[in-house]
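What follows is one structure encoded as C-alpha coordinates, with my remarks underneath.
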Amino acid sequence: MDYEQSFTQYEQDALVAIGVATSAEMLEQARIEFLGKKQGRLKDLQSVLGTVPVDQKPIVGKRFNEIKERVTAAWEQKQLTLKAPKKAAGSELDVTLPGAALALGKLHPLTQTIEEFKDIMARLGFESEEGPEVEDEWHNFVALNIPEDHPARNPLDNFYLSVASTVNQEARLLRSQTSTVQIRTMERRKPPVRIVSVGRVYRPDQIDATHHMMFHQMEGLMVGPDVTMASLKTVLQLFAAAYLGESVPVRFRPSFFPFTEPSVEFDVRRGNSWLELGGAGMVDPNVLSACGYDPEAVSGFAFGLGIARFCMMRHGIDDIRHFYENELRFLQQF
Ligand code: PHE
(Lines give C-alpha, C1' and ligand atoms only; values in the text may rest on other atoms or scores of the structure.)
Protein backbone atom coordinates (compact mmCIF):
# COMPACT_ATOMS: atom_id res chain seq x y z
CA MET A 1 0.00 0.00 0.00
CA ASP A 2 1.40 3.41 -0.97
CA TYR A 3 0.38 5.57 1.99
CA GLU A 4 2.01 8.63 0.63
CA GLN A 5 -0.05 8.54 -2.54
CA SER A 6 -3.35 8.15 -0.64
CA PHE A 7 -2.39 11.01 1.68
CA THR A 8 -1.46 13.33 -1.18
CA GLN A 9 -4.61 12.45 -3.11
CA TYR A 10 -6.75 13.06 -0.01
CA GLU A 11 -5.14 16.46 0.67
CA GLN A 12 -5.47 17.64 -2.93
CA ASP A 13 -9.14 16.63 -3.20
CA ALA A 14 -9.97 18.16 0.18
CA LEU A 15 -8.27 21.52 -0.61
CA VAL A 16 -10.01 21.74 -3.98
CA ALA A 17 -13.45 21.02 -2.44
CA ILE A 18 -12.86 23.66 0.25
CA GLY A 19 -11.43 26.13 -2.25
CA VAL A 20 -14.41 26.00 -4.63
CA ALA A 21 -17.02 26.22 -1.87
CA THR A 22 -18.94 29.48 -2.30
CA SER A 23 -21.64 28.90 0.33
CA ALA A 24 -22.00 27.56 3.84
CA GLU A 25 -23.81 24.50 2.42
CA MET A 26 -20.97 23.62 0.03
CA LEU A 27 -18.45 24.05 2.81
CA GLU A 28 -20.49 21.78 5.09
CA GLN A 29 -20.57 19.15 2.35
CA ALA A 30 -16.78 19.31 2.12
CA ARG A 31 -16.52 18.96 5.90
CA ILE A 32 -18.68 15.84 5.96
CA GLU A 33 -16.79 14.29 3.07
CA PHE A 34 -13.22 15.07 4.12
CA LEU A 35 -13.27 15.70 7.87
CA GLY A 36 -16.32 13.64 9.05
CA LYS A 37 -15.68 11.78 12.30
CA LYS A 38 -17.93 8.77 11.63
CA GLN A 39 -17.41 8.11 7.94
CA GLY A 40 -15.80 9.74 4.89
CA ARG A 41 -12.33 10.05 3.41
CA LEU A 42 -10.54 10.77 6.69
CA LYS A 43 -12.09 7.67 8.27
CA ASP A 44 -10.89 5.61 5.26
CA LEU A 45 -7.34 6.91 5.69
CA GLN A 46 -7.47 6.11 9.38
CA SER A 47 -8.38 2.48 8.66
CA VAL A 48 -5.44 2.31 6.24
CA LEU A 49 -3.24 3.47 9.11
CA GLY A 50 -4.25 0.34 11.04
CA THR A 51 -2.49 -1.83 8.46
CA VAL A 52 0.88 -0.07 8.74
CA PRO A 53 3.71 -2.24 10.10
CA VAL A 54 4.54 -1.35 13.71
CA ASP A 55 8.03 0.01 12.97
CA GLN A 56 6.60 2.53 10.43
CA LYS A 57 3.64 3.65 12.57
CA PRO A 58 5.30 6.72 14.18
CA ILE A 59 6.38 8.17 10.80
CA VAL A 60 3.14 7.49 8.93
CA GLY A 61 1.07 8.60 11.94
CA LYS A 62 2.92 11.92 12.04
CA ARG A 63 2.35 12.44 8.32
CA PHE A 64 -1.37 11.68 8.76
CA ASN A 65 -1.69 14.25 11.54
CA GLU A 66 0.09 16.95 9.50
CA ILE A 67 -2.25 16.49 6.57
CA LYS A 68 -5.34 16.43 8.78
CA GLU A 69 -4.23 19.67 10.45
CA ARG A 70 -3.63 21.40 7.13
CA VAL A 71 -7.05 20.43 5.77
CA THR A 72 -8.75 21.45 9.04
CA ALA A 73 -6.96 24.83 8.98
CA ALA A 74 -7.98 25.45 5.35
CA TRP A 75 -11.57 24.61 6.23
CA GLU A 76 -11.62 26.98 9.24
CA GLN A 77 -10.07 29.78 7.22
CA LYS A 78 -12.69 29.36 4.50
CA GLN A 79 -15.48 29.43 7.05
CA LEU A 80 -14.22 32.81 8.34
CA THR A 81 -14.06 34.20 4.81
CA LEU A 82 -17.61 33.09 4.01
CA LYS A 83 -18.90 34.63 7.23
CA ALA A 84 -17.11 37.99 6.74
CA PRO A 85 -19.44 40.91 5.97
CA LYS A 86 -20.07 41.52 2.30
CA LYS A 87 -18.32 44.51 0.74
CA ALA A 88 -20.44 47.07 -1.08
CA ALA A 89 -20.90 45.85 -4.63
CA GLY A 90 -18.22 47.01 -7.03
CA SER A 91 -16.09 48.78 -4.45
CA GLU A 92 -13.20 47.95 -2.17
CA LEU A 93 -14.70 50.15 0.51
CA ASP A 94 -15.87 48.32 3.61
CA VAL A 95 -18.83 50.45 4.65
CA THR A 96 -19.21 48.57 7.93
CA LEU A 97 -15.90 49.85 9.33
CA PRO A 98 -16.12 52.75 11.82
CA GLY A 99 -15.21 56.07 10.13
CA ALA A 100 -12.99 59.00 11.08
CA ALA A 101 -13.90 62.54 10.00
CA LEU A 102 -11.38 64.24 7.70
CA ALA A 103 -10.29 67.74 8.72
CA LEU A 104 -11.31 70.16 5.96
CA GLY A 105 -8.61 72.25 4.29
CA LYS A 106 -8.50 76.02 4.46
CA LEU A 107 -7.24 78.83 2.28
CA HIS A 108 -3.58 79.76 2.80
CA PRO A 109 -3.22 82.87 5.02
CA LEU A 110 -1.70 84.82 2.09
CA THR A 111 -4.63 83.85 -0.13
CA GLN A 112 -7.04 84.99 2.57
CA THR A 113 -5.18 88.32 2.78
CA ILE A 114 -5.20 88.74 -1.00
CA GLU A 115 -8.96 88.16 -1.17
CA GLU A 116 -9.57 90.66 1.59
CA PHE A 117 -7.31 93.23 -0.15
CA LYS A 118 -9.22 92.84 -3.39
CA ASP A 119 -12.53 93.20 -1.52
CA ILE A 120 -11.46 96.41 0.19
CA MET A 121 -10.16 97.88 -3.06
CA ALA A 122 -13.31 96.81 -4.93
CA ARG A 123 -15.36 98.82 -2.42
CA LEU A 124 -13.18 101.83 -3.36
CA GLY A 125 -13.95 101.22 -7.04
CA PHE A 126 -10.75 99.44 -8.11
CA GLU A 127 -11.08 96.54 -10.55
CA SER A 128 -8.74 93.56 -10.38
CA GLU A 129 -6.20 93.03 -13.19
CA GLU A 130 -3.60 90.33 -13.86
CA GLY A 131 -0.24 90.31 -15.61
CA PRO A 132 2.34 87.65 -16.52
CA GLU A 133 5.15 86.63 -14.16
CA VAL A 134 7.59 86.17 -17.05
CA GLU A 135 8.18 89.65 -18.44
CA ASP A 136 10.17 91.52 -21.05
CA GLU A 137 12.41 94.48 -20.29
CA TRP A 138 9.97 96.94 -21.82
CA HIS A 139 7.26 96.26 -19.24
CA ASN A 140 9.57 95.64 -16.28
CA PHE A 141 11.95 98.57 -16.90
CA VAL A 142 11.88 100.67 -20.08
CA ALA A 143 8.26 101.83 -20.04
CA LEU A 144 8.63 102.41 -16.29
CA ASN A 145 11.30 105.03 -16.98
CA ILE A 146 14.11 102.85 -15.63
CA PRO A 147 17.13 103.56 -17.88
CA GLU A 148 19.65 100.96 -19.05
CA ASP A 149 22.31 102.01 -16.51
CA HIS A 150 19.95 102.02 -13.50
CA PRO A 151 21.09 99.72 -10.66
CA ALA A 152 17.64 98.03 -10.59
CA ARG A 153 18.52 96.50 -13.98
CA ASN A 154 21.69 94.83 -12.74
CA PRO A 155 21.52 91.22 -13.98
CA LEU A 156 22.66 90.08 -10.52
CA ASP A 157 19.63 91.73 -8.92
CA ASN A 158 17.12 90.07 -11.23
CA PHE A 159 16.13 86.58 -12.33
CA TYR A 160 16.93 86.76 -16.03
CA LEU A 161 15.64 83.77 -18.03
CA SER A 162 17.17 84.68 -21.39
CA VAL A 163 19.17 87.46 -23.02
CA ALA A 164 18.33 89.25 -26.23
CA SER A 165 19.81 87.53 -29.27
CA THR A 166 19.00 86.99 -32.93
CA VAL A 167 16.64 84.20 -31.87
CA ASN A 168 15.11 85.99 -28.86
CA GLN A 169 14.23 89.50 -29.91
CA GLU A 170 13.94 90.50 -26.27
CA ALA A 171 15.42 89.39 -22.96
CA ARG A 172 13.01 87.75 -20.53
CA LEU A 173 13.02 87.86 -16.76
CA LEU A 174 10.81 87.00 -13.80
CA ARG A 175 9.12 90.31 -13.02
CA SER A 176 10.76 92.13 -10.12
CA GLN A 177 7.69 94.27 -9.38
CA THR A 178 3.98 94.33 -10.15
CA SER A 179 4.37 97.82 -11.63
CA THR A 180 4.56 95.95 -14.96
CA VAL A 181 0.77 95.67 -14.77
CA GLN A 182 0.43 99.47 -14.74
CA ILE A 183 2.02 99.47 -18.18
CA ARG A 184 0.03 96.51 -19.51
CA THR A 185 -3.23 98.06 -18.31
CA MET A 186 -2.57 101.49 -19.82
CA GLU A 187 -1.45 99.92 -23.12
CA ARG A 188 -4.77 98.11 -23.32
CA ARG A 189 -7.23 100.59 -21.87
CA LYS A 190 -8.12 104.22 -22.30
CA PRO A 191 -8.30 106.50 -19.23
CA PRO A 192 -9.88 106.73 -16.76
CA VAL A 193 -8.54 103.55 -15.08
CA ARG A 194 -8.76 102.43 -11.51
CA ILE A 195 -7.19 98.98 -10.98
CA VAL A 196 -5.30 96.83 -8.53
CA SER A 197 -3.20 93.82 -9.43
CA VAL A 198 -2.01 91.23 -6.95
CA GLY A 199 0.72 88.76 -7.77
CA ARG A 200 4.13 87.25 -7.20
CA VAL A 201 7.38 89.09 -7.83
CA TYR A 202 10.93 87.72 -7.80
CA ARG A 203 14.25 89.13 -6.60
CA PRO A 204 17.46 87.23 -5.79
CA ASP A 205 17.53 88.52 -2.20
CA GLN A 206 19.18 86.78 0.71
CA ILE A 207 16.34 84.93 2.49
CA ASP A 208 15.77 85.97 6.12
CA ALA A 209 12.88 86.72 8.49
CA THR A 210 11.63 89.65 6.39
CA HIS A 211 12.95 88.87 2.88
CA HIS A 212 12.23 86.15 0.38
CA MET A 213 13.28 85.77 -3.25
CA MET A 214 9.59 85.40 -4.15
CA PHE A 215 6.91 87.52 -2.53
CA HIS A 216 3.51 89.09 -3.22
CA GLN A 217 2.70 92.68 -4.05
CA MET A 218 -0.50 94.59 -4.63
CA GLU A 219 -0.12 97.24 -7.29
CA GLY A 220 -2.65 100.07 -7.50
CA LEU A 221 -3.14 102.50 -10.38
CA MET A 222 -5.61 105.33 -10.81
CA VAL A 223 -5.48 107.62 -13.83
CA GLY A 224 -7.97 110.30 -14.78
CA PRO A 225 -8.47 114.00 -15.50
CA ASP A 226 -7.83 115.22 -11.97
CA VAL A 227 -6.13 112.57 -9.88
CA THR A 228 -3.87 114.21 -7.27
CA MET A 229 -1.53 113.38 -4.42
CA ALA A 230 -4.51 113.97 -2.10
CA SER A 231 -6.39 111.14 -3.88
CA LEU A 232 -3.41 108.85 -3.30
CA LYS A 233 -3.14 109.65 0.39
CA THR A 234 -6.89 109.22 0.88
CA VAL A 235 -6.99 105.82 -0.83
CA LEU A 236 -3.99 104.47 1.10
CA GLN A 237 -5.32 105.82 4.38
CA LEU A 238 -8.75 104.27 3.79
CA PHE A 239 -7.13 100.99 2.78
CA ALA A 240 -4.94 100.80 5.92
CA ALA A 241 -7.91 101.66 8.14
CA ALA A 242 -10.04 98.96 6.50
CA TYR A 243 -7.42 96.26 6.95
CA LEU A 244 -5.62 97.24 10.16
CA GLY A 245 -8.29 99.21 12.00
CA GLU A 246 -9.70 102.75 11.97
CA SER A 247 -7.18 104.15 14.40
CA VAL A 248 -3.96 102.93 12.77
CA PRO A 249 -1.59 105.90 12.28
CA VAL A 250 -0.09 106.19 8.78
CA ARG A 251 2.82 108.24 7.49
CA PHE A 252 4.11 109.31 4.05
CA ARG A 253 7.86 109.93 3.64
CA PRO A 254 9.49 111.52 0.57
CA SER A 255 11.24 108.88 -1.52
CA PHE A 256 12.32 108.13 -5.08
CA PHE A 257 11.12 105.77 -7.81
CA PRO A 258 11.95 106.27 -11.52
CA PHE A 259 8.28 105.82 -12.49
CA THR A 260 6.68 108.25 -10.02
CA GLU A 261 7.25 111.93 -9.33
CA PRO A 262 6.86 112.91 -6.56
CA SER A 263 7.39 109.58 -4.77
CA VAL A 264 6.65 108.52 -1.21
CA GLU A 265 7.18 105.62 1.12
CA PHE A 266 4.11 104.49 3.04
CA ASP A 267 4.49 103.51 6.73
CA VAL A 268 2.12 102.50 9.52
CA ARG A 269 2.69 102.75 13.25
CA ARG A 270 3.29 99.50 15.08
CA GLY A 271 3.98 99.73 18.80
CA ASN A 272 6.86 102.16 19.14
CA SER A 273 8.10 102.03 15.57
CA TRP A 274 7.03 102.72 11.99
CA LEU A 275 6.81 99.80 9.59
CA GLU A 276 7.38 100.36 5.87
CA LEU A 277 4.60 98.79 3.80
CA GLY A 278 5.34 99.97 0.29
CA GLY A 279 6.07 102.70 -2.20
CA ALA A 280 3.78 105.10 -4.05
CA GLY A 281 3.66 108.34 -5.98
CA MET A 282 2.26 110.31 -8.90
CA VAL A 283 2.78 108.48 -12.19
CA ASP A 284 5.72 110.08 -14.03
CA PRO A 285 4.64 111.86 -17.27
CA ASN A 286 7.23 109.76 -19.17
CA VAL A 287 5.38 106.61 -18.12
CA LEU A 288 2.03 108.01 -19.24
CA SER A 289 3.53 108.94 -22.63
CA ALA A 290 5.20 105.52 -23.03
CA CYS A 291 1.73 103.98 -22.79
CA GLY A 292 0.12 106.42 -25.22
CA TYR A 293 -1.60 108.57 -22.60
CA ASP A 294 -1.45 112.37 -22.82
CA PRO A 295 0.26 113.73 -19.66
CA GLU A 296 -1.31 117.12 -20.34
CA ALA A 297 -4.82 115.66 -20.19
CA VAL A 298 -4.58 113.07 -17.43
CA SER A 299 -2.64 112.42 -14.25
CA GLY A 300 -2.43 109.40 -12.01
CA PHE A 301 -1.11 107.81 -8.89
CA ALA A 302 0.36 104.35 -8.34
CA PHE A 303 1.33 102.31 -5.32
CA GLY A 304 2.93 98.94 -4.60
CA LEU A 305 2.41 97.23 -1.24
CA GLY A 306 4.00 94.10 0.22
CA ILE A 307 1.19 91.70 1.07
CA ALA A 308 2.98 89.45 3.57
CA ARG A 309 3.93 92.43 5.73
CA PHE A 310 0.28 93.34 6.32
CA CYS A 311 -0.65 89.75 7.12
CA MET A 312 2.35 89.38 9.46
CA MET A 313 1.42 92.56 11.23
CA ARG A 314 -2.19 91.66 11.79
CA HIS A 315 -1.45 88.15 13.06
CA GLY A 316 1.84 88.78 14.85
CA ILE A 317 3.79 86.45 12.50
CA ASP A 318 7.50 86.96 13.08
CA ASP A 319 9.05 85.29 10.03
CA ILE A 320 8.06 85.47 6.34
CA ARG A 321 9.46 81.96 5.78
CA HIS A 322 6.49 80.49 7.67
CA PHE A 323 4.32 81.27 4.63
CA TYR A 324 6.30 79.01 2.33
CA GLU A 325 7.16 76.01 4.48
CA ASN A 326 3.70 74.38 4.44
CA GLU A 327 3.93 73.42 8.09
CA LEU A 328 0.38 72.33 9.00
CA ARG A 329 0.67 73.52 12.60
CA PHE A 330 1.20 77.04 11.22
CA LEU A 331 -1.39 76.90 8.43
CA GLN A 332 -4.15 75.48 10.63
CA GLN A 333 -4.18 78.61 12.77
CA PHE A 334 -5.80 80.76 10.06
N1 PHE B 1 7.39 98.94 -7.63
C2 PHE B 1 7.86 99.53 -6.41
C3 PHE B 1 8.65 98.45 -5.64
O4 PHE B 1 8.52 97.30 -5.95
C5 PHE B 1 6.75 100.04 -5.55
C6 PHE B 1 5.98 101.15 -6.19
C7 PHE B 1 4.85 100.90 -6.96
C8 PHE B 1 6.38 102.48 -6.03
C9 PHE B 1 4.15 101.93 -7.53
C10 PHE B 1 5.69 103.52 -6.60
C11 PHE B 1 4.58 103.24 -7.34
O12 PHE B 1 9.39 98.78 -4.73
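We count ligands from 1, going down the list as the structure has it; atoms in each ligand are counted the same way. Keep in mind that the numbers below use all heavy atoms, side chains included, and drop hydrogens, waters and symmetry copies. Each residue takes its place number in the sequence, starting with 1.
Near ligand 1, Gln177, Ser179, Gln182, Arg203, Gln217, Glu219, Phe257, Phe259, Thr260, Gly279, Ala280, Ala302, Phe303, Gly304 each place a heavy atom less than 4.0 angstrom from the ligand.
From Thr113, atom OG1 reaches atom NE2 of His108 across 9.5 Å, with rounding to the nearest 0.5 Å. Put simply, CE on Met214 and CZ on Arg200 are 5.0 Å apart, with the number rounded to the nearest 0.5 Å.
Salt bridge Arg314/Glu116: present, at least one basic N to carboxylate O contact under 4.0 Å.
Side-chain polar atoms of Gln217 and Gln177 form no donor-acceptor pair below 3.5 angstrom.
Looking only at distances, no side-chain donor or acceptor of Glu261 sits under 3.5 Å from a matching main-chain atom of Asp284.
Residues forming a side-chain contact (heavy atoms from CB on, under 4.5 Å) with Thr234 (at least two apart in sequence, or on another chain): Leu238.
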